[in-house]
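Structure record follows, encoded as structure tokens.
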Amino acid sequence: MAYLAGVALLRMDGLVALLGTGHVAYGGQVATVPHDIMLATHYPAALAGLVGENARDWLQALPVSLFAVMVTSGPLMLIGMGLYRSGCFLSCASSRRCVWFLPAGIGVSLVLLPLALMQVRLCPAWSGAYPADVAFLLATIRLLGAPFGALAWLWLVDRIEWLQHMLAPIGRVALSAYLGQSIVARLGFAGMPHFYGTMDYAFLMCLTVPVVLFQVVVARIWYRSGYTGPAEALWRFLYLRP
């Protein structure tokens, strides 16, 4: 219930718009903000502009989203701790209680599939549905189904040995990888400033594939060197524990 409440808070702005006007973007107009960074021709200026814009967006969203994110993330952590303590993680392959993990993940994927196809224009949208409405609905269902999708991945990884070996190194530097992909994305768009804010959803999703594969390769090389991830090392230092 707490997780559902957190999702509702995160999506409150869109829900209010839907109840008030019937659309997330009334009249089909999506709010746009001019990106001065698109006019940048020098890499340092482009990077500084992206960082500044990102910081402004983050500071504006933080007061509104912080409580909702905490309410959403806390229950997810408790769910994960509960599954771990009940023996569902190590190893879930031997537990009959985990047989529903994969069907639940597949079910969520099937629900999301038509919405995703609509967003990338591979499937006709519902009559009268604006792109912003479809995107809002897709993101909301994705939030609601995220725990089930994660459990489906857990079920698969637990049964596919080569997948375990491939993902284990990046799991050991997960915090560094999480922060690293944001840095890679920022540097990439700073090098291509005219594409910032203009790429469609489908192309952005395609860009994630090489970024993830790049991180998997780097994590394996880093893991073989025997070093702790830089973010993990800083975290352990701040934690002041072994």
request  = Can you sort out the partners of Phe136 under side-chain contact (heavy atoms from CB on, under 4.5 Å), two or more places apart, ordered by chain and number?
outcome  =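 Only Arg11, Leu15, Leu18, Val24, Thr140 meet the side-chain contact (heavy atoms from CB on, under 4.5 Å) criterion with Phe136.
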
request  = Would you check, one step at a time, whether the test side chain to side chain contact (heavy atoms under 4.5 Å, CB included) holds for Tyr223 with Val173?
outcome  = CA-CA 8 Å; Tyr223 178 63; Val173 292; over 6 Å; no

Connected via hydrophobic side-chain network under 4.5 Å: [X] and [Y]:
X      : Y      : value
Leu167 : Tyr178 : no
Val212 : Val218 : no
Leu151 : Val111 : yes
Phe214 : Val211 : no
Leu138 : Leu110 : yes

Kindly give the heavy-atom pair with the smallest separation between [X] and [Y], and that separation in Å.
X      : Y      : answer
Gln164 : Asp158 : NE2-O, 3.2 Å
Ala152 : Gly105 : CB-CA, 3.6 Å
Val216 : Ile170 : N-CD1, 4.0 Å
Pro169 : Ala219 : CB-O, 3.7 Å
Thr228 : Trp222 : O-NE1, 3.2 Å
Ser176 : Ala231 : OG-N, 3.0 Å

request  = Mark yes or no: Arg159 above the aromatic ring of Trp155, with NZ or CZ under 6.0 Å from the six-membered ring centre and no more than 45 degrees from the axis.
outcome  =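 Output yes; distance and angle both within limits.
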
Could you state the interatomic distance from [atom1] ([X]) to [atom2] ([Y]), rounded to the nearest 0.5 Å?
X      : Y      : atom1 : atom2 : answer
Arg142 : Leu112 : CZ    : CG    : 7.5 Å
Arg220 : Met166 : CZ    : CE    : 9.0 Å
Phe101 : Leu156 : CZ    : CG    : 12.0 Å
Gln215 : Thr208 : CD    : OG1   : 10.5 Å

ask   = Under 3.5 Å, side chain of Glu232 to main-chain N/O of Ala174, donor-acceptor pair present?
value =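 Checking the backbone N and O of Ala174 against the side chain of Glu232, a donor-acceptor pair under 3.5 Å is found.
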
